[in-house]
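These notes are about the structure you will find just below.
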Amino acid sequence: MRRVALVGAGLSRFGVRAAGFRELLAEAGQACFASVPHVTPKDIEGLVVGAVLPERAAFQSHIAPLAAETLGIQPRKLSARTEHMCASGSVGIRYAYAFIAAGLADIVMVLGVEKLNLPNMGEAVLNMGAGVDRDWEACFGLTAPPAFALAAQLHMAEYGTTEEQLAQVAVKNHTHSSKNPHAHFQNGVTLDAVVCSRMIASPLRLFMCSPITDGAAAVILASEERARDMTDKPVFIRGTGQAVHGFSVSSLDPDYASWPAMKQAAGDAYAMAGIRASALDFAEVHDCFAIAEIIAYEELGFCSKGEGGPFAAEGRSDYGGDVVVNPRGGLMGCGHPLGATGVAQGVEAFWQLRGEAGERQVPEAHIGLTHNNSGMGEHVVMIYGRE
Amino acid sequence: MSEYFRAIDPFPLQSSKNTRLTPFYEALRSQKLLTTFCPRCALRHWPPRVVCPECLAARLDWVDLPSRGTVHAYTIQDTGVPPGFPRPLIFAVVLVEGLRIFTRLVETEPTQVERGCTVRLCPSAVGWDPEGDERYVPTFALVQENA
């Protein structure tokens with residue numbers, strides 16, 4: 001297989017945006033091309049677009065050709081949309097990676113885009129139920145917060161994780177996003193404000209949850225040979241893994257505060273990269289809710305099972321700790337425009353590994369991980385490195 | 001607009017025109033809980049299946065489940081409840097003879113729910129299907145002797 005690198009990356013501003021679906025993807029696409037001046041839309045041989053809810057939120061399917069036309073791209077090797085709920089963006093990066101590694105294309109763009117905020121926010125909330133099992137979950141009114149709240153309840157009961165530890169994860173990520181000009185939330189938040197914020201689904205309070213966010217992200221991937229012509233600082237995909245153990249809450253592991261599919265995806269990615277967790281300088285993990293980041297520490301191998309709460313409380317996931325987790329601010333700080341999130345994690349890895357992350361730069365970042373999930377039993381892990 | 005929501009509401013279509021799981025929903029209407037059993041694997045499923053996920057057999061038997069279970073974990077959602085659903089929503093994982101059933105508790109005071117408490121099947125009507133039959137979903141309720 002050929003080696004594959006990111007050569008360009010760009011984001012739209014994330015937030016409640018006065019912009020439509022097409023405008024958001026155009027913004028990210030423009031920013032991405034601006035980051036790699038030697039590449040024009042006509043050089044792009046393939047386009048993969050991650051998007052989850054355009055049929056409901058924008059009354060629009062047929063997304064990849066729409067995005068191509070918007071950006072002046074005429075794909076000749078690959079054109080596809082990926083939909084895998086919250087992991088759609090990372091799944092798209094894996095497609096592009098595989099196509100290039102196999103020699104079927106040399107240069108592929110991956111876009112992730114989501115327009116979630118609508119004039120009728122009730123409809124925006126109802127739409128989120130489309131990502132769970134209609135027959136056995138959505139019919140009860142389930143959306144993501146209570147599903148992850150159940151895992152939090154079990155984690156607290158089984159391992160003694162506390163509400164304060166959940167809050168500390170939220171404070172860390174909001175502090176990080178205060179240094180990210182693309183983030184939905186840039187004001188930071190205090191521990192008091194988190195533990196006094198409105199209860200969403202017990203024990204998860206407002207600031208322990210990612211918000212409903214509009215946004216888009218884009219990266220350009222190329223074969224190593226082409227990448228070296230385009231930039232002095234390619235960022236290589238060193239490893240990747242994906243595992244799906246179950247779709248619905250009822251089919252999760254009996255201890256649903258343990259997510260073995262994440263451990264499996266990470267194990268495959270580490271083996272492919274030839275590294276251990278201790279080699280990582282940073283990790284962008286899927287903190288859709290604070291409990292998810294705590295479980296991620298455990299399943300990614302940063303600490304042992306049940307130690308995720310203390311790991312956060314002792315600052316081991318912050319600057320100066322074992323590994324900087326979510327330097328961009330994660331989903332809690334940046335927002336979670338579903339299809340865009342996995343691609344935005346790749347954008348952050350690109351900036352961190354090129355030393356272009358500004359105030360939130362992780363010192364001497366050589367290798368980093370991204371983790372994107374689409375449910376508690378479905379996980380994607382990518383490992384990116386300078387070499 | 002109401003027609004639009006009705007066409008794509010989040011509730012399963014339950015008549016035999018739309019699903020092979022109609023026996024489950026008919027039993028639910030009479031306050032009984034069924035699930036599928038694969039005779040080849042000697043495996044009981046939850047939720048009911050149209051094929052056995054272990055051997056892919058499509059010939060599955062219907063078996064009765066007890067209508068009582070215990071709460072393994074629960075959460076109370078106050079904010080961000082989808083339109084058309086009551087507030088607050090109490091979601092729970094309920095253990096019924098070793099099966100983990102994700103469900104919602106109804107007719108229940110949120111402050112009285114605890115891990116390990118006993119709940120009973122209490123199906124909820126959720127709206128008519130295109131054939132004009134009321135549809136039900138398998139919600140549970142707290143058994144009062146817990147309180």
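Every chain is numbered from 1, with letters handed out A, B, ... down the list of sequences.
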What part of [X] gets closer than 4.5 Å to chain A, counting heavy atoms only: side chain, backbone, both or neither?
X      : value
B:P138 : both
B:S124 : neither
B:Y25  : side chain
B:H72  : both
B:F102 : both

Query raised in the report: Can A:E298 and A:H155 be counted as having a side-chain donor-acceptor contact under 3.5 angstrom?
Result: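 Note: A:E298 and A:H155 side chains meet the donor-acceptor criterion.
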Query raised in the report: With a 3.5 Å cut-off and no angle check, do the side chains of A:H336 and A:T341 form a donor-acceptor pair?
Result: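 Note: A:H336 and A:T341 side chains meet the donor-acceptor criterion.
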Query raised in the report: Considering only heavy atoms from C-beta outward, does the side chain of B:L89 approach that of A:F140 to under 4.5 Å?
Result: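 A side-chain contact under 4.5 Å is absent here.
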Query raised in the report: Is any side-chain heavy atom of B:L21 closer than 4.5 Å to a side-chain heavy atom of B:W62?
Result: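 With C-beta onward as the side chain, the pair touches.
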Report task. Please report the C-alpha distance between A:H379 and A:E299 in whole Å, then the side-chain angles of each, then the deciding distance to 0.1 Å, and finally whether the side chain to side chain donor-acceptor pair (under 3.5 Å) criterion is met. Result -> CA-CA 11 Å; A:H379 300 268; A:E299 305 300 348; over 6 Å; no
Query raised in the report: Looking at A:E137, A:M128, A:M121, which one has more heavy-atom pairs under 4.5 Å with chain B than the rest?
Result: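 Going by pairs under 4.5 Å, I would pick A:E137.
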Report task. Could you tell me which of A:L150, A:V249, A:L204 has the largest number of non-hydrogen atom pairs under 4.5 Å with chain B? Result ->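 Most pairs with chain B among the choices: A:L150.
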Requested in this report: Return yes when atom CZ of B:R29 has more than 12 non-hydrogen atoms of other residues, nucleotides or ligands closer than 6.0 Å, and no otherwise.
Outcome: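 Yes, CZ of B:R29 has more than 12 neighbouring heavy atoms, counting only those of other groups under 6.0 Å.
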Query raised in the report: Can you say whether A:I212 sits under 4.5 Å from chain B via the side chain, the backbone, both, or neither, judging by heavy atoms?
Result: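 When you check distances to chain B, no heavy atom of A:I212 falls under 4.5 Å.
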